[in-house]
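Heavy atoms only: backbone and side chains are in, while hydrogens, waters and symmetry mates are out.
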Amino acid sequence: MAYQKVNADQRAPGHSQYLDNDDLQATALDLEWDMEKELEEPGFDQFQLDSAENQNLENSETADLNLDPIQPATSPKGRFQRLQEESDYVTHYTRSAPKTNPCNFGRLLKIFCTAIILFIFGILIGYYAHKNCPSNATISSGTPDLQLYQEILKTIQAEDIRKSFRNLVQLYKSEDDTEISKKIKTQWTSLGLEDVQFVNYSVLLNLPGPSPSSVTLSSSGQCFHPNGQPCSKEARKHSSQDLLYSYAAYSASGTLKAEVIDVSYGNADDLKRIKKMKNVTNQIALLKLGKLPLLYKLSLLEKAGFGGVLLYVDPCDLPKTANLSYDTFMVSLNPGGDPSTPGYPSIEERIINMQIQTVTKFKTITNVIGYLKGLTSPDRYIIVGSHHHTAYSYNGQEWASSTAIITAFIRALMLRVKRGWRPDRTIVFCSWGGTAFGSIGSYEWAEDFKKVLQKNVVAYISLHSPVRGNSSLHSVASPSLQQLVAEKNNFNCSRRGQCPETNISSVQMQDDADYFINHLGVPTVRFTYEDIKALEGPSFLSEALFPKRATKIEEMDPFFNLHETITKLSGEVILQIANEPVLPFNALDIALEVQNSLKGDQPNTPQLLVLGSRLRDSAELFQSDEMRPANDPKERAPIRVRMLNDVLQGMEKSFLVQHAPPGFYRNILYHLDGKSSQFSILLEAWEHCKSLASNETLQEALSEVLNSINAAQVYFKAGLDVFESVLAGKN
């Protein structure tokens, strides 16, 4: 259900006991609205002006905003608009001309002097009123104003993004990310961002050793490096850094001599078939990337008894526009964060000798964090994340796209801020370090500030790897934000007759959003351009980090129009979440997603289906009764709006399960890929149940899902109870 939020612009006189636990940082909401500036929709008789004035204003600007719901709404959508000054409105208060008496000159003089005094007094009042009231250049931040958003975003130009991109790619030769971090901080500060900081962490990295890893055939003695080059001195002499960075970060070092066994994609069926054919203990698996998370497949291979793995990408799985058949790549075996402080700040058989040469060392990674403080809710944060410097000495420049886009949005935003405007909620801009090694920078920062973030983060907008192809726009969004994303996709489509079908899903992402989704339950959005083949084929190919160079990125987007589109789409979502009085999250869509996830062939207990139905009923009632504050003047109270936003902010936290298979999201609202709508942990458990005699894994997964759905249903019901108790107390 799409809906439009109310405006509110003055401080609350206080806050209830419900809000005392929310660390408002001594800042009450500034959410009352000015009676001279706002007019309710027809039906709110309590707030109508007198009849003459009402006749002049009741039809003003009702068609300015295109707010038709995306789908049939479950509940009414409240609206009210900011009024423009009209001549009729002004003349309504103009005094009529006094009658003169030619025989009474003294009286006439008194009237004349009085009029002069009133005229001067009126000018003074008007001057100071105009000075204190927001002008068009400083529109009240509480007003949902799509025109304001468009004025901010129209300053974003593709050419500016291209210049920023080319400046950034010149910095990749640095051995660490210090130089790049300094450049980003300097640029953000020069654009006017008020508070830009370095946040450093000394973390454990797994890097290539002094010489590349190798594979030696026992039958012939031939030796090869991961990129296929022979192990000769000449090859090492002329090898680029890409040769060193063809490795698996955090893999075990050492030598293993064993038989190579082709395990295809390494899923449960593949391993079941192979184990029937031969003994796999301490053998080397030849494994294709894709279809399932790498960490999950490695866990299956380890349980089966394999001693090592050779990874490769099947050329048939690649997009048609990608020619990576002979390119080397890097993967990370780190599930996330600094591994030294977890949770704290077969055609023919061949025998090969696999030698892994990696070294571990502590190095400093740097995050660049910039803040734009909110006006009325500075303790509510929208996190906007990009990343810099893919890996140490790694000749990849994909990060430059991400950094150029976030910088372009900051530039556009700060131009408006300098003119007096400010968002309601705080926007936190983050350029993460250590992303290639398991999103270390974002993990360490979020672990460092976990208590604050758990209470205050509203949403995460990811700008990771924005241009991977040029044929299809793919949007990843939490269920609660999918309607907002669809609305933005449709609104920004330049030629409606040729617009592609909106491609929005809640699928697992390989980027720095991981911690926010899986540990904090934060709604997330990411826009990317991809190739259609990549969307149709196996997922998780992005786990392989290919050294994407600047020339390749400019070939995909020579005029940087795709970069500009991603910037504007992401920017409008950021502005709407940061500035709308009521968060644009959809409670009912979460319940519908849960019900869709319970469909399919895998067994679903009747209890799960009943709970799914109850969740939908509670979410529908909550959305109908509470997510339309514009329809009831009493619901415009700042405390009530704050309470509503607090409930909306925490909707996804109920779906974080305690245990998930390696590589699977703990947030069960996200799926492994867009082709299956079932809960991923249930699908995985069902596959195990078919291949193993015991159904213990399936029962555990069913229990996790059942508890999550029940917790979400109780959460919505508790939200309704709180609102009812507050109203009862007032009455």
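Shown here is Arg666, whose CZ atom has more than 12 heavy atoms of other residues, nucleotides or ligands within 6.0 Å. Remark: Lys717 NZ is loosely packed, at most 12 non-hydrogen atoms of other residues, nucleotides or ligands lying under 6.0 Å away.
Between the side chain of Asp424 and the backbone N or O of Leu375, no donor-acceptor pair lies under 3.5 Å. In this structure, Tyr665 contributes its side chain and Met509 its backbone to a donor-acceptor pair below 3.5 Å. No donor-acceptor distance shorter than 3.5 angstrom exists from the side chain of Gln595 to the backbone of Arg616, with no hydrogens or angles considered. The backbone N or O of Gly433 sits less than 3.5 Å from a side-chain atom of Asn367, completing a donor-acceptor pair. Under a 3.5 Å cut-off, the side chain of Glu620 and the backbone N or O of Leu588 do not form any donor-acceptor pair. Remark: the backbone N or O of Ser677 is paired with a side-chain donor or acceptor of Ser597 at under 3.5 angstrom. Under the 3.5 Å distance criterion, the side-chain polar atoms of Thr426 are matched with a main-chain donor or acceptor of Gly374. Of the possible donor and acceptor atoms, one in the side chain of Asn334 sits under 3.5 Å from a partner among the backbone N and O of Gly337. Panel note: side chain Asn707, backbone Ser703; a donor-acceptor pair is recorded below 3.5 Å. A distance-only check finds no donor-acceptor pair linking the side chain of Ser624 to the backbone of Leu621 [under 3.5 Å].
Separating the OH atom in Tyr149 from the CG atom in Leu146 is a distance of 6.5 Å, to the nearest 0.5 Å. Here the CD1-OG distance, from Ile504 to Ser475, works out to 5.0 Å after rounding to the nearest 0.5 Å. The CD1 atom of Ile709 sits 12.5 Å away from atom CD1 of Ile590, with the distance rounded to the nearest 0.5 Å. Atom CG of Leu153 and atom CG of Leu575 lie 5.5 Å apart (nearest 0.5 Å). Between Arg422 atom CZ and Asn579 atom CG the span is 12.0 Å, to the nearest 0.5 Å. With rounding to the nearest 0.5 angstrom, the CG atom of Leu609 is 10.5 Å from the CD atom of Gln607.
For the pair Ile405/Phe409, no side-chain contact is recorded, criterion being any heavy-atom separation below 4.5 Å from C-beta on. Asn645 is listed as a side-chain neighbour of Arg425, based on a closest heavy-atom distance under 4.5 Å. Looking at Ile517 and Tyr460, their side chains never come closer than 4.5 Å, going by heavy atoms from C-beta outward. Side-chain contact check for Val657 versus Val705: every heavy-atom pair is 4.5 Å or farther apart. Side-chain contact check for Glu626 versus Leu720: some heavy-atom pair is nearer than 4.5 Å. When side chains are defined from C-beta on, Thr435 does not count as touching Asp511, because their heavy atoms never get closer than 4.5 Å. Counting heavy atoms from C-beta on, the side chains of Gln713 and Ser654 never come closer than 4.5 Å. Residues Ser680 and Ile668 are not in side-chain contact: their nearest non-hydrogen atoms beyond the backbone lie 4.5 Å or more apart.
Under the rule for a side chain to side chain donor-acceptor pair (under 3.5 Å), the partners of Thr528 that lie at least two apart in sequence or sit in another chain are Glu530.
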#### Entry: Verdict with supporting geometry, Leu569 and Leu473, side chain to side chain contact (heavy atoms under 4.5 Å, CB included)
CA-CA 11 Å; Leu569 282 172; Leu473 177 63; 3.6 Å; yes
### Message
Applying side-chain hydrogen bond (donor to acceptor under 3.5 Å, both in side chains) to Ser505 and His474, what does each step give before you reach the verdict?
### Response
CA-CA 8 Å; Ser505 60; His474 181 219; 3.1 Å; yes
### Message
One pair to check against side-chain hydrogen bond (donor to acceptor under 3.5 Å, both in side chains): Asn667 and Glu652. What are the steps and the verdict?
### Response
CA-CA 8 Å; Asn667 189 329; Glu652 288 194 21; 3.2 Å; yes
#### Entry: Ile461 and Ile382: CA distance, side-chain angles, deciding distance, side chain to side chain contact (heavy atoms under 4.5 Å, CB included) verdict
CA-CA 8 Å; Ile461 311 300; Ile382 290 83; 4.2 Å; yes
### Task
Please lay out, stage by stage, how Tyr201 and Ile440 fare under the test side chain to side chain contact (heavy atoms under 4.5 Å, CB included).
CA-CA 9 Å; Tyr201 299 97; Ile440 289 182; over 6 Å; no
### Stepwise side chain to side chain contact (heavy atoms under 4.5 Å, CB included) check, Phe622 with Phe723
CA-CA 10 Å; Phe622 176 84; Phe723 279 103; 4.2 Å; yes
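Side-chain N/O atoms of Ser465 and Arg468 include a donor and acceptor closer than 3.5 Å. For Asp589 and Gln483, the side-chain atoms include at least one donor-acceptor pair closer than 3.5 Å. Side-chain N/O atoms of Tyr296 and Glu684 include a donor and acceptor closer than 3.5 Å. A side-chain donor-acceptor contact under 3.5 Å links Lys488 and Gln576. If you check the side chains of Trp432 and Ser386, you find no donor sitting under 3.5 Å from an acceptor. For the residue pair Asp514 and Tyr443, a side-chain donor N or O sits within less than 3.5 Å of a side-chain acceptor on the partner. No side-chain donor from either of His671 and Ser506 sits under 3.5 Å from a side-chain acceptor of the other. One side chain, Tyr670 or Ser478, offers a donor N or O that lies under 3.5 Å from an acceptor on the other. Between the side chains of Ser542 and Gln510, no donor N or O sits under 3.5 Å from an acceptor N or O. Judged by distance alone, the side chains of His388 and Thr403 never bring a donor and an acceptor atom under 3.5 Å apart.
The side-chain contact (heavy atoms from CB on, under 4.5 Å) test with Ile152 is passed by exactly one of Lys568, Glu572, Met414, Arg416: Arg416. Tested against Ile383, the residues Leu520, Val457, Val458, Ile574 include a single side-chain contact (heavy atoms from CB on, under 4.5 Å) partner, Val457.
In terms of heavy-atom proximity, Gly370 sits nearest to Leu193 at CA-CD2, 3.7 Å. Of all heavy-atom pairs spanning Leu453 and Ala446, the tightest one is CD1-CA, 3.7 Å. The heavy-atom pair separating Gly674 from Val507 by the smallest distance is N-CG1, 3.5 Å. The minimum heavy-atom distance between Phe429 and Leu372, with the atom names listed, is CE1-CB, 4.4 Å. The nearest pair of heavy atoms linking Gly612 to Leu598 is CA-CD1, 4.4 Å. Between Phe527 and Asn489, the shortest heavy-atom contact is CE2-OD1, 3.5 Å.
Between His519 and Tyr515, the ring planes lie parallel to each other; the angle is under 30°, not in the 30° to 60° tilted range.
Under a 4.0 Å N-O distance rule, the pair Asp646/Arg380 qualifies as a salt bridge.
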